[in-house]
Amino acid sequence: MLKRSFRSLCIGALGALLLTACGGTGGGASSQPTADQNASSPTAVPAATNPVEPSSDSAAGNGYAMKRLAVQDPATPIDGFTLDSGSRLVAVQVELSVSTAAEKMSIDSVYATVTGDDQTEYPAAALAVKDELAVSEIGNGEKVTGWLAFSVPKNAKLKTITYRVGLAEVVVLSAKLAP
């Protein structure tokens, strides 16, 4: 009985977490960004006990890899995307790949953030730049290249880009934004 209750509690918590991560009540995604989606809303990041500073333009772990290919700062938004007056758009071209991981890698801008030198983390902005990283899934031996965009305050000094892989066991791939 205790096992069954604990399992139900875990399943319910996972469902709530997934619903929150996917953006709410399941009403579907809009094809046009709203003012809320364009806002520069930093997220609170728990302080790492021993933060590891990325030392290069690429990162790999558990059979997954990310490489920063290019940075446009500021970037030109596509038609229909509006920036707040105190913000600028930064675009980062990345290559994501799976080399030896058993699980597939979900490709979506929701897993990407950039971090400023003050440790503030900014989420990716969807539907913001040309040749944006397409939502997909890749498996062993596959790779994909595309742009990720971030709406950040005009004066933000960005240091790293991070891509998170997985739900149960999260692999964090972080790379420097500047050489």
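- Here the shortest heavy-atom pairing between Phe81 and Ala126 reads CE1-O, 4.0 Å.
- The closest donor-acceptor contact from the side chain of Asp118 to the backbone of Thr120 lies under 3.5 Å.
- Val90 and Leu177 fall within the same hydrophobic cluster, where Ile, Leu, Val, Met, Phe, Trp and Tyr residues are linked whenever their side-chain heavy atoms come under 4.5 Å apart, directly or through other members.
- With hydrogens and angles disregarded, no donor-acceptor distance shorter than 3.5 Å links the side chain of Arg164 to the backbone of Val170.
- Proximity of Leu133 to Ile107: side-chain heavy atoms (C-beta onward) are separated by under 4.5 Å at one or more points.
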Determine whether Lys143 and Leu96 satisfy the following criterion, side chain to side chain contact (heavy atoms under 4.5 Å, CB included), listing intermediate values before the conclusion. CA-CA 6 Å; Lys143 64 183 172 181; Leu96 298 169; over 6 Å; no

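- Val135 belongs to no multi-residue hydrophobic cluster, having no ILVMFWY side-chain contact under 4.5 Å with any other such residue.
- Note that OG of Ser99 and CD of Glu142 are 12.5 Å apart. Values are rounded to the nearest 0.5 Å.
- To the nearest 0.5 angstrom, Thr82 atom OG1 is 11.0 Å from Leu89 atom CG.
- In this structure, Val98 and Gly139 approach most closely via the heavy-atom pair CB-O, 3.3 Å.
- In this structure, Arg68 CZ and Ser56 OG are separated by 8.5 Å, a value rounded to the nearest 0.5 Å.
- In this structure, the side chains of Val129 and Thr76 stay at 4.5 Å or more apart for every pair of heavy atoms.
- Across every non-hydrogen atom of Ser151 and Leu83, the tightest pair is OG-CD2, 3.4 Å.
- Under a 4.0 Å N-O distance rule, the pair Glu121/Lys159 does not qualify as a salt bridge.
- Residues passing the side-chain hydrogen bond (donor to acceptor under 3.5 Å, both in side chains) test with Thr162, sequence neighbours excluded: Ser174.
- Within a 6.0 Å sphere centred on CD of Glu95, other residues, nucleotides and ligands contribute more than 12 heavy atoms.
- In this structure, Ala128 and Ala125 approach most closely via the heavy-atom pair CB-O, 3.7 Å.
- Contact annotation: the side chain of Leu69 never approaches that of Val94 to less than 4.5 Å [non-hydrogen atoms, C-beta and beyond].
- Taking OG1 of Thr160 as the reference point, atom CG of Leu173 lies at 12.0 Å (rounded to 0.5 Å).
- Separating the OG atom in Ser109 from the OH atom in Tyr163 is a distance of 8.0 Å, to the nearest 0.5 Å.
- Not a single side-chain hydrogen bond (donor to acceptor under 3.5 Å, both in side chains) links Asn155 to another residue, sequence neighbours left out.
- Closest approach of Val171 to Gly61, counting heavy atoms only: CG1-O, 3.6 Å.
- For Leu148 against Ala112, the heavy-atom pair with the smallest separation is CD1-CB, 3.7 Å.
- Ala156 meets the side chain to side chain contact (heavy atoms under 4.5 Å, CB included) test with Arg88, Tyr122, Val152, Pro153, Leu158; sequence neighbours excluded.
- Between Val165 and Met66, every side-chain heavy-atom pair lies at or beyond the 4.5 Å cut-off.
- Grouping the Ile, Leu, Val, Met, Phe, Trp and Tyr side chains by contacts below 4.5 angstrom, directly or via other members, places Val172 apart from Ile138.
- The salt bridge (charged side-chain N to carboxylate O under 4.0 Å, His left out) pairs that include a residue from residues 127-140 number zero, where partners must be two or more places apart or lie in different chains.
- Summarising the geometry, atom CD belonging to Gln72 is positioned 8.5 Å from atom CD belonging to Gln93; distances are rounded to the nearest 0.5 Å.
- Residues Val110 and Tyr64 share a hydrophobic cluster, clusters being chains of Ile/Leu/Val/Met/Phe/Trp/Tyr side chains in contact below 4.5 Å.
- Residue pairs satisfying the salt bridge (charged side-chain N to carboxylate O under 4.0 Å, His left out) criterion with at least one member in residues 106-116, sequence neighbours excluded, are absent.
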